[in-house]
Amino acid sequence: MRNELHVAHDVEFGLDTFGDVTVDLDGKPVSHAQVLRNVAAEAVLADEVGLNFFGIGEHHRDDFAVSSPEVLLGAIASQTKNIHLGSAVTVLSSDDPIRVFQKFATLDAVSNGRAEVIVGRGSFTESFPLFGFDLQDYEKLFEEKLDLFAHLVQGGPVTWQGTIRPALIEQAVYPTVEGGKLKTWIGVGGSPQSVVRAAQYGLSLMLAIIGGDPLRFRPYVDLYHQALAQLELETLPIGQHSPGFIAETDDEAKNLMFPHYQVMHERIGRSRGWPPLTRAQFEHEAGPEGALFAGSPETVAQKLARSIHGLGVSRFDLKYSLGTLPHEHLMNSIRLYGEVVVPRVRELLAEMEK
């Protein structure tokens, strides 16, 4: 089932960062505090170049600086005017759904309705022991907390019962969301059950596509639409989150990015049993059918148009922070993305839809 509502001018373009701890142009590590300030500057630039969304991920390890996205997003809200702001993702399993809702409802208020939240399981587990949760309860924690959060998003007094906390009976939660419902997505890595769950809760779907041909996720898009139709729910947005980096030429982009991306891959891979990333593997992922959107503005635009049109998504979020890649290169990538790539993608999509 195709998404018939997909048209070029409706597509939104965003950025995601995990607040990766970077190095400066001399190769010296940057402090966590400076990384946080740099992320704020990157978000301000994203607003200036007309992007639609800026998302910040939550992590609790030394190679990522952001453990409290909501605080940083609040600071960014005071420095921006139009761009929507949200998480990418909020690790709901190890947080309190009521507090998450309150924080993002507050962000929505101070940003004049620009808040969004992307909830998910997260790709790391450090938050579980940090906040006193048992990994054996991994599934139950996410399922019950998501259920509670979905009730909160609906608004009004909440009545809810589960096993992870005391029941709520007609409980009011403040502040309320001024514009109606808090815009909420579920981040999914490719599980059909997760796709159907998003539809069941009436929440938007964000597909994390970080390897392989993005078009292989088309069955998940179709499954989501089918589930919504069967539940007699309205069509909801589907987004794609994928890594990438833009420079003036393909060679410059890949040569700047690869050493930093390789270090990040190897560091994470040591705990997951991944083999070292080779340059050939990197080049393949950065090729026409890979999930790494790296290269010149035209190369990246062509790949984006292929993926957006092929999947029928209504938003693309570029995960632009890539290991220790310096802030100055990230700023240039953001500028090229907003000023050159996005307009070119819109042109290409319009041609595809004729």
K.L.:
What residues form a ring pair (Phe, Tyr, Trp, His ring centres under 6.0 Å) with Phe128, not counting sequence neighbours?
P.N.:
Tyr138

K.L.:
Considering the options Asp222, Leu223, Val221, which one meets the side-chain contact (heavy atoms from CB on, under 4.5 Å) requirement together with Val195?
P.N.:
Leu223

K.L.:
Is Met257 reachable from Ile210 through a run of hydrophobic residues whose side-chain heavy atoms are each under 4.5 Å from the next?
P.N.:
no

K.L.:
Which residues pass the salt bridge (charged side-chain N to carboxylate O under 4.0 Å, His left out) test with Arg197, not counting sequence neighbours?
P.N.:
Glu143

K.L.:
Applying a strict under-4.5 Å side-chain criterion to I, L, V, M, F, W and Y, I'd like to know whether Val44 and Leu318 cluster together.
P.N.:
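No; Leu318 is not reachable from Val44 via cluster members.
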
K.L.:
Please go through Trp185's hydrophobic cluster and name the other residues, only I, L, V, M, F, W, Y counting, with side-chain heavy atoms under 4.5 Å joining them.
P.N.:
Phe53, Val89, Ile118, Met206

K.L.:
Just by distance, no angles: are the side chains of Thr324 and His260 close enough, under 3.5 Å, to form a donor-acceptor pair?
P.N.:
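On atom types as modelled, these side chains qualify, holding a pair under 3.5 Å.
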
K.L.:
So, applying side-chain contact (heavy atoms from CB on, under 4.5 Å) with Phe101, which one of Val158, Leu148, Val177, Asp96 is it?
P.N.:
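Of the listed residues Val158, Leu148, Val177, Asp96, the side-chain contact (heavy atoms from CB on, under 4.5 Å) partner of Phe101 is Val177.
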
K.L.:
Out of curiosity, does Val345 fall in the hydrophobic cluster containing Met352 (side-chain heavy atoms, cut-off under 4.5 Å, transitive links)?
P.N.:
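Hydrophobic grouping puts Met352 with Val345.
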
K.L.:
The criterion is ring pair (Phe, Tyr, Trp, His ring centres under 6.0 Å); which residues satisfy it with Phe258, sequence neighbours excluded?
P.N.:
Phe282

K.L.:
Any luck finding a side-chain donor-acceptor pair between Ser296 and Glu298 under 3.5 Å?
P.N.:
no

K.L.:
Can you run down the side chain to side chain donor-acceptor pair (under 3.5 Å) pairs that involve residues 104-115, sequence neighbours left out, and say none if there aren't any?
P.N.:
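Every pair satisfying side chain to side chain donor-acceptor pair (under 3.5 Å) with a residue in residues 104-115: Thr80-Arg114.
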
K.L.:
If we count only N and O atoms by modelled type, under 3.5 Å, do the side chains of Asn332 and Glu328 hold a donor and an acceptor together?
P.N.:
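There is no such pair between these side chains.
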
K.L.:
Who passes salt bridge (charged side-chain N to carboxylate O under 4.0 Å, His left out) against Glu58, sequence neighbours left out?
P.N.:
none

K.L.:
Could I get the full list of side chain to side chain contact (heavy atoms under 4.5 Å, CB included) partners for Ile268, not counting sequence neighbours?
P.N.:
Arg61, Phe124, Met264, Arg272, Trp274

K.L.:
If we ignore angles and hydrogens, is there a donor and acceptor under 3.5 Å between the side chains of Glu42 and His327?
P.N.:
yes

K.L.:
Which ILVMFWY residues are connected to Val263, directly or by a chain of links, through side-chain heavy atoms under 4.5 Å apart?
P.N.:
none

K.L.:
Would you mind reporting whether Phe149 and Asp95 have side-chain heavy atoms less than 4.5 Å apart?
P.N.:
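Asp95 vs Phe149: side chains apart.
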
K.L.:
Between Lys319 and Asp20, is there a salt bridge with N-O shorter than 4.0 Å?
P.N.:
yes

K.L.:
Scan Asp24, Val23, Asn38 and name whichever one has a side-chain contact (heavy atoms from CB on, under 4.5 Å) with Pro326.
P.N.:
Val23

K.L.:
Salt bridge or not for Glu285 and Lys254, using N-O below 4.0 Å?
P.N.:
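No, this pair does not count.
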
K.L.:
Quick one: ring pair (Phe, Tyr, Trp, His ring centres under 6.0 Å) partners of Phe217, sequence neighbours excluded?
P.N.:
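Tyr220.
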
K.L.:
Glu248: which residues meet the salt bridge (charged side-chain N to carboxylate O under 4.0 Å, His left out) condition with it, sequence neighbours left out?
P.N.:
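With neighbours one apart ignored, the set is empty.
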
K.L.:
Any pair with a residue in residues 283-307 that passes ring-ring contact (aromatic ring centres under 6.0 Å, His included), sequence neighbours left out, goes on the list, sorted by first then second residue, please.
P.N.:
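Residue pairs passing ring-ring contact (aromatic ring centres under 6.0 Å, His included), neighbours aside: Phe293-Phe316.
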
K.L.:
Name all residues meeting the salt bridge (charged side-chain N to carboxylate O under 4.0 Å, His left out) criterion together with Glu339; count only those two or more places apart in sequence or in a different chain, and write none if there are none.
P.N.:
Arg335

